[in-house]
Amino acid sequence: MSTAYNPETVELEAQKHWSDARSFEVGEDAGKDKFYCLTMFPYPSGKLHMGHVRVLTISDVIARFQRMQGKHVMQPMGWDAFGMPAENAAIKNKVPPAKWTYANIKEMRAQMDRLGYAYDWSREIATCDPKYYRWEQWLFTRMFEKGLVYRKNSIVNWDPVDQTVLANEQVIDGRGWRSDALVERREIPQWFMKITAYADELLEELERMPGWPDSVKTMQKNWIGRSEGVELTFDVADEDEPLTVFTTRPDTLYGVTYMAVAAEHPLAEKAAATNPDVAAFVEECKQTDAAEATLETMEKKGMALGINVIHPLTGEEVPLWVANFVLMSYGTGAVMAVPGHDERDWEFAKKHGLPIKQVIAPADGSEIDIDEAVYIDKGVTVNSGDYDGLDYQSAFDAIADWFEENGRGRRTVNYRLRDWGVSRQRYWGAPIPIIYCDDCDAVPVPEDDLPVVLPEDVEFTGHGSPLNDMPEFVNVKCPNCGKDARRETDTFDTFVESSWYFARYACPDSESAMLDERAAYWMPVDQYTGGVEHAILHLLYSRFFQRVMRDEGLTDVSEPFTNLLTQGMVLKDGAKMSKNKGNVVDPQELIAKYGADTVRLFMMFAAPPEQALEWSDDGVQGSFRFLKRYWNAVQDHMAGGPAPDLPASALDAGPKELRRKTHQSIAKIGDDLGRRYTFNTAVAASMELINAVTRFDDKSDAGRAVVHEALEAVTLMLSPIVPHICHALWAQLGNETALVDERWPVLDESALEADLVEIVVQVNGKLRGRVSVAADADNDAIASQALQDSNVQRFVEGKEVRKTIVVPGRLVNIVV
RNA sequence: GCCGGGGUGGCGGAACUGGUAGACGCGCCGGAUUCAAAAUCCGGUUUCCGAAAGGAAGUGAGGGUUCGAUUCCCUCCUCCGGCACCA
């Protein structure tokens with residue numbers, strides 16, 4: 001049957017086969033080698049965009065490839081269904097967030113099916129389902145009992161006009177996105193999870209994660225930011241409470257010429273109460289959003305508080321400043337300033353005319369001028385009283401010892417990592433299961449009363465959470481004492497849902513426990529794929545949650561993701577696709593025009609997965625053209641009737657060459673798909689093989705047999721990427737089995753052997769010729785043959801050969 | 001500002017462990033087919049000099065190590081991601 005390639009017919013038929021045969025639904029089979037292949041689940045924003053198509057296709061290729069290696073593959077899909085866009089849509093369209101979200105899920109699931117992804121839909125999860133979020137509410141109450149959650153004040157962006165808390169994203173140039181009012185920092189009580197209790201474990205385990213990219217591990221390591229130092233207390237003149245600071249450089253203590261606190265620090269607020277200038281400055285510091293990037297790029301400003309701090313070793317008084325770059329959320333909210341040996345302190349001192357003292361000298365004895373340039377290297381102490389002449393470690397120990405012996409401080413470890421604030425003042429999230437009682441304080445909702453179900457039928461105004469206006473939700477009895485009490489109306493950060501969904505896919509229907517024994521079979525995830533933008537937050541929170549679940553006895557697994565692949569963004573005209581920029585390409589239109597296989601192929605071919613992918617309409621057409629060529633190659637071949645078997649006797653040069661290409665391709669593509677994850681080069685190699693078949697015109701039995709072998713091999717090897725067309729062509733090649741159940745082609749090592757190899761000849765590192773030598777020639781034979789090349793002779797003639805380097809199988813470099 | 005990643009023909013990219021820079025594809029140029037166009041097929045395509053053989057230059061910029069550097073080291077430029085309430 002010779003027909004033109006019709007993607008839609010081919011694709012719907014293949015999809016029907018997979019669906020009828022339930023090809024991708026898997027149970028737990030202890031006798032089989034499991035492979036859990038997972039993509040970071042999407043937010044149901046409406047329709048799939050190209051970024052989704054890219055990550056979903058990458059993961060699908062890996063899943064299908066592993067299945068062909070004989071693995072028992074599970075690839076689930078679900079929805080990160082809570083989040084702000086549903087609330088924004090609710091305000092705009094007057095649709096309840098739940099309704100909007102479920103409609104989006106329905107549409108996006110249909111699009112995924114049309115793209116032919118190998119999902120086990122029986123495991124589908126939507127995080128806004130109470131059957132899902134009840135378990136994170138339950139885990140939160142368990143953490144509460146263990147002291148792993150606590151409540152404290154923390155800073156949010158406050159929109160003074162809309163009277164609402166804004167996300168960082170909703171602050172544009174320091175102003176609220178709807179009201180355009182200047183945003184303020186404001187402190188409100190919020191719930192925190194003690195991720196810092198796991199800081200050391202999260203850090204140390206990074207050393208034993210070979211399946212993660214080094215870049216991600218480095219980012220997490222720096223984010224955790226473990227540093228060993230000393231906590232020092234400074235007495236404050238006319239104050240009872242001392243000021244505590246953390247430093248990694250106690251060796252520079254004699255260089256302290258001032259101290260600084262954050263605007264929210266109690267000492268700054270105390271000074272503000274009596275000094276209007278300070279009060280104005282503190283207010284000014286708060287007129288900004290809470291993002292760290294904002295604070296770090298702001299002009300460094302400060303003001304003396306009129307308070308003096310007493311240097312613990314010299315007894316001298318140094319001034320205390322309030323500064324906008326000191327973060328209340330990091331350390332103690334106070335720092336000691338050593339302008340001679342800290343870059344930021346130096347610049348601040350220069351600007352405000354504060355003294356700069358040199359207390360460290362270069363170890364090599366060279367002279368420096370501390371007024372001209374800051375000196376931040378470790379060296380030898382000078383101008384440091386009894387502690388002069390010590391190297392960094394000796395000075396560190398001597399000064400740390402003094403503080404510990406005198407009860408004025410202690411050696412300690414500090415982390416940049418902060419505890420995870422999980423409270424959100426939003427409606428569309430999982431309710432935090434807490435009840436506030438005047439007598440009993442904050443009481444966790446008892447297990448029997450879980451889940452705390454989020455009311456889904458709501459009026460949405462946009463002024464704060466509708467939960468606050470729902471007495472039937474808020475007014476409850478205290479579970480402890482039975483008196484009237486109030487329910488928490490804050491909801492969880494949506495990162496809470498995404499921190500454990502991967503484990504729940506193993507047992508999505510479990511009603512008796514968060515996880516059951518099926519999770520022991522499937523966890524950890526063997527291959528996790530998602531955007532680099534999640535390198536820190538999502539992945540670190542997930543590693544933390546997995547450990548909390550472990551310590552709750554739910555699993556033995558500590559690390560949730562064995563191998564991690566971070567894929568790049570999809571760009572058009574050099575920019576991320578977005579509605580604002582008007583550079584969005586809709587996958588739906590392309591599927592209608594070219595079919596799902598073309599879209600999948602282009603995505604895999606255009607760039608390696610980690611890199612950003614530049615969209616190209618022409619490139620998509622090229623992919624479509626290739627599929628037509630591939631289709632036609634099979635039609636042409638099969639038009640000659642059923643293919644004969646490979647002859648047992650030796651092949652002539654032509655068929656032998658094609659057969660070598662076939663088996664080189666099997667080795668190359670298997671390596672690209674299985675180890676390197678360079679899908680682009682796997683596609684290129686497939687194209688080369690099909691080009692070789694197209695050029696090959698030996699219609700003898702032996703010729704047709706090697707062509708048939710090549711076409712079957714390429715059909716198997718392309719099937720993870722373009723499964724539909726391969727499904728159809730596999731049948732056309734005369735196979736009665738379904739391609740989805742086939743194994744990867746077997747490599748015949750003997751077919752790779754060649755008699756002659758081409759060697760490149762260089763003279764002084766420049767390419768001067770090529771010679772063909774026997775594959776088993778020794779180095780001397782290769783070198784002498786290289787010297788005989790006429791063009792090589794031109795450059796060697798009359799010169800002395802100083803050295804000859806032979807790289808077997810590759811090149812000869814003659815140095816004259 | 002801090003942390004991480006990138007920069008190679010007209011374009012997307014390849015070169016995996018220091019060993020032929022530009023595989024594969026797009027675009028473009030020429031040809032075939034066609035009444036014509038689309039589609040398809042064949043050939044060419046880093047730049048400069050040259051009819052060709054061949055030569056010279058060339059992987060963001062500058063320096064270094066090496067017989068040999070896109071690859072390793074140093075300095076700088078630039079773009080992208082993250083910075084804790086976008087997901």
Side-chain angles (χ1 to χ4, degrees), chain A residues 40 42-43 45 80 82-85 156-157 165-171 190 213-223 225 289-298 300 325 329 344 416-426 493-495 498 531-538 540-541 566 568-569 571 574-576 602 605-608 610-623 625-626 628-629 632 671-672 675-676 678 680-681 683-688 691 694 758-762 764-767 770 791 794 802-805 807 810-816:
Chain A
M40 291 178 188
Y43 177 79
S45 51
D80 190 13
F82 280 134
M84 288 200 308
V156 293
N157 303 307
V165 175
L166 297 178
N168 284 340
E169 192 195 46
Q170 296 170 316
V171 179
Q190 311 214 63
D214 289 336
S215 57
V216 174
K217 287 189 282 190
T218 305
M219 280 191 267
Q220 291 213 348
K221 182 176 176 230
N222 292 337
W223 184 263
D289 62 279
E292 189 182 311
T294 310
L295 298 174
E296 292 282 338
T297 49
M298 257 172 359
K300 308 285 180 283
F325 56 83
S329 51
R344 193 174 60 189
R416 211 188 73 92
L417 179 70
R418 308 198 295 259
D419 279 335
W420 176 14
V422 294
S423 295
R424 295 293 179 269
Q425 297 69 46
R426 288 184 226 300
D493 178 3
T494 58
F495 274 126
S498 57
V532 244
E533 66 272 20
H534 295 295
I536 296 173
L537 293 179
H538 162 61
L540 197 59
Y541 292 149
T566 52
M569 292 186 312
L571 309 177
K576 189 173 178 172
F602 174 72
F605 181 53
E610 287 94 344
Q611 273 183 39
L613 183 154
E614 176 67 32
W615 185 260
S616 157
D617 290 330
D618 287 336
V620 179
Q621 264 199 39
S623 294
R625 202 145 50 202
F626 166 70
K628 280 194 288 187
R629 276 210 314 276
N632 291 335
D671 191 45
D672 284 352
R675 177 183 66 91
R676 296 214 300 152
T678 50
N680 53 329
T681 55
V683 173
S686 305
M687 288 173 168
E688 283 188 57
N691 288 345
T694 313
E758 190 185 67
I759 300 282
V760 160
V761 188
Q762 297 179 334
N764 286 349
K766 288 192 184 270
L767 177 68
R770 297 156 201 275
N791 199 47
R794 281 178 52 207
R802 300 212 334 249
K803 200 171 179 184
T804 302
I805 293 142
V807 183
R810 285 199 179 266
L811 61 67
V812 177
N813 189 11
I814 299 161
V815 185
V816 297

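The chains referred to below are lettered A, B, ... by the order of the sequence lines, with proteins before strands, and numbering in each begins at 1.
- Within the 4.0 angstrom heavy-atom criterion, only backbone atoms of the sugar-phosphate kind lie near A/Asn791; the bases stay farther away.
- At the heavy-atom level, A/Thr804 lies nowhere under 4.0 Å from the strands shown.
- Base pairing analysis places B/C67 opposite B/G19; the two distances defining the Watson-Crick or G-U wobble pair are each below 3.5 Å.
- Residue-level contact check: A/Leu417 touches the bases, meaning some heavy atom is under 4.0 Å from a base atom.
- Checking A/Pro608 against A/Asp214, the closest nucleotide of RNA chain B that is more toward the 5' end is the one next to A/Asp214.
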Check the interface with nucleotides 80-83 of chain B: list each N/O to N/O pair with the protein under 3.5 Å, or write none.
from: B/C83; atom 1: O2'; to: A/Glu292; atom 2: OE1; distance (Å): 3.4

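- Atom CZ of A/Arg344 is separated from atom NZ of A/Lys300 by 7.0 Å, given to the nearest 0.5 angstrom.
- Using a 4.0 Å heavy-atom distance criterion, A/Arg794 is classed as a sugar-phosphate-only contact.
- Annotated as syn: B/G9, whose glycosidic dihedral is within 90° of 0.
- B/G7 is paired with B/C77 under the Watson-Crick or G-U wobble criterion, all donor-acceptor distances under 3.5 Å.
- Going from the P atom of B/U71 to that of B/G60 covers 8 Å, rounded to whole Å.
- With hydrogens and angles ignored, no donor-acceptor pair under 3.5 angstrom links the side chain of A/Asn222 to the base of B/C3.
- Taking atom C1' in both B/G9 and B/U65, the straight-line distance is 29 Å, to the nearest Å.
- To the nearest 0.5 Å, atoms CG (A/Leu166) and CD (A/Gln425) are separated by 10.5 Å.
- The C1' atoms of B/U20 and B/U70 are separated by 14 Å, rounded to the nearest whole Å.
- Between A/Lys766 and B/G19 there is no side-chain N or O to OP1 or OP2 distance below 4.0 Å.
- Contact annotation for A/Gln190: base contact, defined as any heavy-atom pair under 4.0 Å involving a base atom.
- Taking the six-membered ring where the residue is Trp, A/Tyr541 and A/Trp420 present parallel rings, their angle staying beneath 30° rather than reaching 60°.
- Among the heavy atoms of the strands lying under 4.0 Å from A/Val815 are primed sugar atoms or P, OP1, OP2 only; no base atom is included.
- Between A/Asp671 and A/Asn764, the residue whose closest nucleotide on RNA chain B is further toward the 5' end is A/Asp671.
- How far CG of A/Asn222 is from CG of A/Leu417: 12.5 Å, rounded to the nearest 0.5 Å.
- With hydrogens and angles ignored, no donor-acceptor pair closer than 3.5 Å exists between the side chain of A/Arg802 and the base of B/C67.
- Rounding to the nearest 0.5 Å gives a distance of 12.5 Å between CZ of A/Phe82 and CG of A/Asp493.
- Side-chain contact, A/Asn168 with A/Asn157: a donor N or O sits under 3.5 Å from an acceptor N or O.
- In this structure, A/Gln611 reaches the sugar-phosphate backbone alone: every heavy-atom distance under 4.0 Å involves primed, P, OP1 or OP2 atoms, never a base.
- Taken from OG1 in A/Thr681 to CG in A/Asp672, the straight-line distance is 3.5 Å, to the nearest 0.5 Å.
- In the model, A/Asn632 has no side-chain atom that pairs as donor or acceptor with a side-chain atom of A/Arg629 under 3.5 Å.
- No engagement by A/Phe325 is indicated, since no non-hydrogen atom pair under 4.0 Å with the nucleic acid exists.
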Point to revise | B/S/- contact track for nucleotides 23-34 of chain B, protein heavy atom under 4.0 Å | key: BBSSS-------
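- Listed here is the closest heavy atom pair of A/Pro213 and A/Thr566: CG-OG1, 4.4 Å.
- Using a 4.0 Å heavy-atom distance criterion, A/Pro42 is classed as making no nucleic acid contact.
- For the P atom pair drawn from B/A23 and B/G43, the interatomic distance equals 15 Å after rounding to whole Å.
- Comparing B/A57, B/G13, B/U20 by their nearest atom to the side chain of A/Arg810 picks out B/U20.
- At a threshold of 4.0 angstrom between heavy atoms, the contacts of A/Val165 include nucleobase atoms, whether or not backbone atoms are also involved.
- Taking side-chain N and O atoms only, A/Lys628 has no distance below 4.0 Å to OP1 or OP2 of B/A39.
- Nucleotide B/G30: paired with B/C42 (Watson-Crick or G-U wobble, both distances less than 3.5 Å).
- Nucleotides B/A32 and B/G13, compared at atom C1', are 30 Å apart to the nearest Å.
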